[in-house]
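Numbered from 1 within each chain, the chains take letters A, B, ... in sequence-line order. Quantities reported herein were computed from a predicted structural model and do not represent experimental measurements.
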Amino acid sequence: MSASTPESAALETEVLLVQRLRDRDEGAMTIFYNKYSSALYGVILRIVKKEETAEDVLQEAMVKIWHSFPSYDAEKGRLFTWVMNVCRNLAIDKIRSRQYRVGSRTQPIEESAALRQAAEPSFRPEHIGLQEITNKLNPDQRQIVDLLYFGGFTQSEVAEELNLPLGTVKTRARAAIKVLSKLIR
Amino acid sequence: MNIQDYIESGILEEYALGVLSEAERAEVERIAREHPDVARELKQVIGGLDVYAEAHAVTPPDGMRERVLAGWQQAIRATAEQEKTIQTADAPVASPRMVVSPVSEPVAAPAQQEAVVRQLPAAEAPGRIRLMIAASVALLMLSALGNYLLYSRLKETEANLQVAQTEQSRYAATQKAALNERDQQLSVLRNEAFRPVELKGTPKAPEALARVYYNTQTKAVFVDVRNLPALPEGKQYQLWALDNGKPVDAGVLASATAAGDSIQQMKDIASAQAFAVTVEDAGGAASPTLSTMTVVGNI
């Protein structure tokens with residue numbers, strides 16, 4: 001039995017990367033960029049909707065990740081989850097901070113430029129395409145996950161926004177995330 | 001606590017979405033440590049949202065990698081520099097005390113009336129020392145601020161210089177490419193093997209004039225426009241070789257060629273007795289539109 005399954009290899013590179021970042025090795029940030037930029041950029045772009053802003057936010061996020069890296073606890077979760085949340089929070093702060101906010105709340109997310117962007121070429125076998133997600137989630141579920149994940153809304157805010165009972169929002173969000181977690185490879 | 005109710009309360013989703021307070025997060029983590037079911041569920045929720053994030057991956061535009069990494073590096077260098085200046089500003093606060101205190105000793109030592117003399121500087125000194133400390137701290141702060149401003153201006157200048165240098169090397173590269181092209185054209189014009197063929201304007205365009213250089217050995221064909229009427233949008237000049245009366249496509253003329261800015265190498269022609277230029281739809285035609293023939297000439 002060989003130990004080098006793709007998962008364990010990916011885990012190993014992540015562990016090495018975390019170690020290098022902990023050692024304040026600046027070169028590690030290039031590896032970090034190569035590994036995560038398309039996922040981070042995609043989500044940021046989806047939130048801020050403008051390419052230049054997305055680039056600024058990604059750079060800002062990398063500075064923040066570098067400085068607050070000592071607070072990352074590998075025990076609590078993957079590096080990917082942690083950095084994605086840093087980026088998502090910065091991007092959401094950005095759209096809430098400016099006149100960005102005006103109008104964009106009620107504007108359907110589907111109209112955003114980000115959706116028209118092609119997803120990255122599928123050279124990673126574990127990568128799940130947007131199409132697959134769209135096929136698996138019904139529009140109601142998708143709308144709720146979008147508001148929660150890209151809009152930074154709490155479940156109560158979503159309930160208010162969509163004029164739905166909080167219980168319904170929670171049930172739909174849970175069902176949607178359950179569907180997504182079945183896609184974990 | 002009913003674990004199933006807890007799982008279904010939606011709090012794990014809120015945890016994964018990052019909307020909980022620090023205390024609420026700690027509570028979720030504590031419960032997850034105690035109940036493996038909660039821990040498993042939490043892992044699923046987080047993983048599911050990661051899948052969602054990954055599905056939205058977009059390849060960043062070209063050149064962004066360099067810009068972002070350079071910007072990141074500049075930002076962390078600037079902070080490191082700032083920290084350093086703050087540290088140097090902090091450190092001297094302690095040192096003036098050491099410098100100042102010997103001053104008060106000699107004042108006290110020569111005097112016999114210890115009680116009186118000593119008391120005065122002792123009462124006076126802390127105030128003066130405090131003042132001096134405050135002054136030196138203020139000076140250091142000012143100097144740190146000055147350093148910081150100078151440093152950022154230096155960075156700005158460096159960035160401008162870099163832009164200028166890039167601009168300059170780009171300019172040099174285009175000039176060099178243009179020069180190479182001219183050299184090549186010159187070698188065609190000087191080459192005895194190239195036979196010049198004058199193409200004169202037809203009655204449609206009596207002023208039109210062009211020249212073809214034809215190398216019968218290598219079959220290479222160059223065209224040099226002296227004057228061709230400007231064309232409407234969507235039209236392009238096309239060169240034809242006439243071989244035993246049959247037209248052979250020699251390629252279309254680029255707009256710079258048609259304007260007379262540069263000579264252009266056309267398709268190789270095996271054999272020809274004459275050359276002609278017609279007006280065709282952009283991209284060229286399979287056979288010439290004879291009514292639009294602008295210039296023609298025999299070898």
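Going from atom CD1 of A:I65 over to atom CH2 of B:W72 covers 11.0 Å, rounded to the nearest 0.5 Å. For the atom pair CE (A:M84) and CG (B:L49), the distance works out to 10.5 Å, reported to the nearest 0.5 Å. We find the CZ-CG distance between B:R67 and A:D56 to be 10.0 Å, quoted to the nearest 0.5 Å. Note that NE2 of B:H56 is 10.0 Å distant from CD1 of A:I47, once rounded to the nearest 0.5 Å. Atom CG of B:L17 and atom CZ of A:F153 lie 12.5 Å apart (nearest 0.5 Å). Between the CD atom of B:E54 and the OG atom of A:S38 there is a distance of 8.5 Å, given to the nearest 0.5 Å.
Within residues 40-47 of chain B, the residues approaching chain A closer than 4.5 Å by heavy atoms are, in numerical order, B:E41, B:Q44, B:V45, B:I46, B:G47. By a heavy-atom distance cut of under 4.5 Å, not one residue of residues 167-176 of chain B is near chain A.
Looking at B:L12, there are no atoms closer than 4.5 Å to chain A (heavy atoms on both sides), in backbone or side chain. Heavy atoms closer than 4.5 Å to chain B are found nowhere in A:L40, neither backbone nor side chain. With a 4.5 angstrom heavy-atom cutoff, B:T79 touches chain A only via side-chain atoms. In this structure, chain B has no heavy atom under 4.5 Å from any part of A:T171. Only the backbone of B:A16 comes within contact range of chain A, with heavy atoms under 4.5 Å apart. No part of B:R33 comes within reach of chain A, as not one of its non-hydrogen atoms sits under 4.5 angstrom from that chain.
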*Starting from the C-alpha separation in whole Å, work towards a yes-or-no answer on side-chain contact (heavy atoms from CB on, under 4.5 Å) for B:I7 and A:R174.*
CA-CA 10 Å; B:I7 287 174; A:R174 254 182 69 70; 3.7 Å; yes

Show, in sequence, the C-alpha distance, side-chain angles and deciding distance for B:L69 and A:M62, and conclude whether the side-chain contact (heavy atoms from CB on, under 4.5 Å) test is met. CA-CA 9 Å; B:L69 284 170; A:M62 283 171 63; 3.7 Å; yes

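Closest non-hydrogen pair, A:I184 versus B:G48, comes out as CD1-N, 3.8 Å.
For the pair A:E55 (side chain) and B:V68 (backbone), a donor-acceptor distance under 3.5 Å is absent. Side chain of A:K170 to backbone of B:E8: no donor-acceptor contact under 3.5 angstrom is found.
Counting heavy-atom pairs under 4.5 Å between each of B:A32, B:P61, B:G18 and chain A puts B:P61 at the top.
With a 6.0 Å radius and a threshold of 12 heavy atoms from other residues, nucleotides or ligands, B:Y148 has its OH atom at or below the threshold. The neighbour count for B:E27 CD, taken as heavy atoms of other residues, nucleotides or ligands under 6.0 Å away, is above 12. Shown here is B:E34, whose CD atom has more than 12 heavy atoms of other residues, nucleotides or ligands within 6.0 Å. Counted within 6.0 Å of CG on B:D62, heavy atoms from surrounding residues, nucleotides or ligands total 12 or fewer; the atom is thus considered open.
For A:K178, the side chain to side chain donor-acceptor pair (under 3.5 Å) test picks out no residue, with sequence neighbours left out. With sequence neighbours left out, the side-chain contact (heavy atoms from CB on, under 4.5 Å) criterion links A:D140 to A:N138, A:R172.
You'll find the side chain of B:R25 stays beyond 4.5 Å of the side chain of A:K76, heavy atoms only. Residues B:E14 and A:T154 meet the side-chain proximity criterion, which asks for heavy atoms closer than 4.5 Å. Looking at heavy atoms from C-beta onward, A:N34 lies in side-chain contact with B:R65 at the 4.5 angstrom threshold.
Note on ring orientation: taking the six-membered ring where Trp is involved, the planes of B:Y52 and A:Y149 are perpendicular (angle over 60°, cut-offs 30° and 60°).
B:Q73 and A:E26 form a side-chain donor-acceptor contact under 3.5 Å, judged by distance and modelled atom types alone.
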